Amino acid sequence: TGAGRARVDPLRRRASARQLCPRPRLMLAALKKAILDVRTQWLKESESDRKPQLATVVRLGTDCSGLDAPIFAARELGWTFKQLFASEISPTASLWIQAQGQSEFLYNDMLDPPRDLSELLAGNSLDGYIAGFPCQPFSRQSTCRKGFKDTRSQVFVGVLDSIRQAKPSWAVLENVRGLLSFRKEVLEHMQHHKLLDLYVSIWLPLCPSELGQPHRRPRLYMILIRKDVCVCRNRSEVTSLVARLGKGVKASLPVSDFLDFLDTDSDGPALEDPPRKNCLAAKWREQHAAIRKRIHVSQPLRPPEGLLSEREHSTAELHLAMTKQELPLVMDVSQSLGRVPSSTSSLPCLTTSSKPLLVRTTSDVRFLTMRELLRFQGFPLQHVVMPAALSDRALGFHVGNSMHVPCVGLAMLIAWSMTSTSQSVASWLPGPESPLYFQWTDQGLTEEALHQQGKKCKGASSRSAAAKTKRKRA
């Protein structure tokens, strides 16, 4: 995928007769049952005669839609839903959205020209709004992390303006956890749009591995629930209900094995182009040669001819020798030797240029297929419509940029369960309220102080900056 050679693969091949991994519907159905059971019990114990009704037809809108993971999640949750609009600036991702045939209206660019969602909705209320705005300005992995000085951060401002216009009952915003380093600016923008007055804000870090899935993709989900339709009457009730929901989710999580997500009859994707020559060959050659003088490669890697470039082959071989991990494992050979993520039990976090290499033995080596990558991201392959004009290289890019279907599905489920179709009798304090921040623990979800998270992130950022300065001086 990405900068490497394209892979001819996947959804165009006949699916394996056996469903290898737990279907997202089965997982999300279990989480839905657990959350609704907790909700019912919590309302009974809240010493109130409230009987808030859930929306039976969920009207959704998505921005920065990509592969539209939230819509697949809604389908797997068994919701009756309508997708009123989507937006996607990438032509290839737009092909995907159109092929799925769910969105009634597709914007090319949510910012230009300026749009009026109230005109599009034409009096129809919006239940849920989901957006995964660009992460590059906030990611710790980015080499040019500029935060809100990056022009791409204006998409986040546009997302907030969309919420202000549409006033959905709930919203879910997804980004990297590095966004916590910029929490002060995030809150300033949210308050500028008066969202902290109108919405309860819950910040929830989620990773597939915390849901029993063999995939590392840590993300921050910001859940907004409009106060006038929230089943909770005050902030302490929100804390109580979210903690109970987390406990119910934790108890109902299925456990999945990494190997169950792989196609048993696959030799990996076919290669369309020969491996490219590395323009920085001298640099990596010198580095690898120096390392080979210090360590002994006892088991040379013997991949199929033409599978790996020379740099990829050397990187994979040295990484195995240096880490001495057991096989099988998967590693991302798109990274340089010192940055290669690998694991024997889960898929490392995918990026838009990831090249996940599966090593079962030193001679049984292949890249993961698009089917497998979509499966790791939680997409229900039996419901995917593959556009003929979408290349595998483009698909790989978008898979690495997508939300994880069960994770965003859980965030949507929590938001939906905390709302009612009728106005609530709330006792919220007037004016803005700071977000509630939760962390996953062995018991479920536990509230933590958001300002402490900011300090942790700020410290990490400062250490990173100090390290860069030290290297420059050296």
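All values derive from a computational prediction rather than experimental measurement.
- With rounding to the nearest 0.5 angstrom, the OG1 atom of Thr369 is 8.5 Å from the CG atom of Leu374.
- For the pair Val172/Ile414, no side-chain contact is recorded, criterion being any heavy-atom separation below 4.5 Å from C-beta on.
- Annotation: side chain of Ile71 is not in contact with side chain of Gln100 (no heavy-atom distance under 4.5 Å).
- Ring geometry, Trp96 versus Phe72: the interplanar angle falls from 30° to 60°, so the pair is classed tilted.
- Residues Leu117 and Phe85 meet the side-chain proximity criterion, which asks for heavy atoms closer than 4.5 Å.
- Ring geometry, Phe133 versus Phe156: the interplanar angle falls from 30° to 60°, so the pair is classed tilted.
- Under a 3.5 Å cut-off, the side chain of Asp37 and the backbone N or O of Ala34 do not form any donor-acceptor pair.
- The CG atom of Leu357 sits 9.5 Å away from the CG atom of Asp332 when rounded to the nearest 0.5 Å.
- How far CD of Gln377 is from SG of Cys407: 9.0 Å, rounded to the nearest 0.5 Å.
- A distance below 6.0 Å separates the ring centres of Phe148 and His189.
- At a threshold of 4.5 Å between non-hydrogen side-chain atoms, the residues Val176 and Gln141 do not count as touching.
- Remark: Leu245 CG to Ile35 CD1 distance equals 5.5 Å, nearest 0.5 Å.
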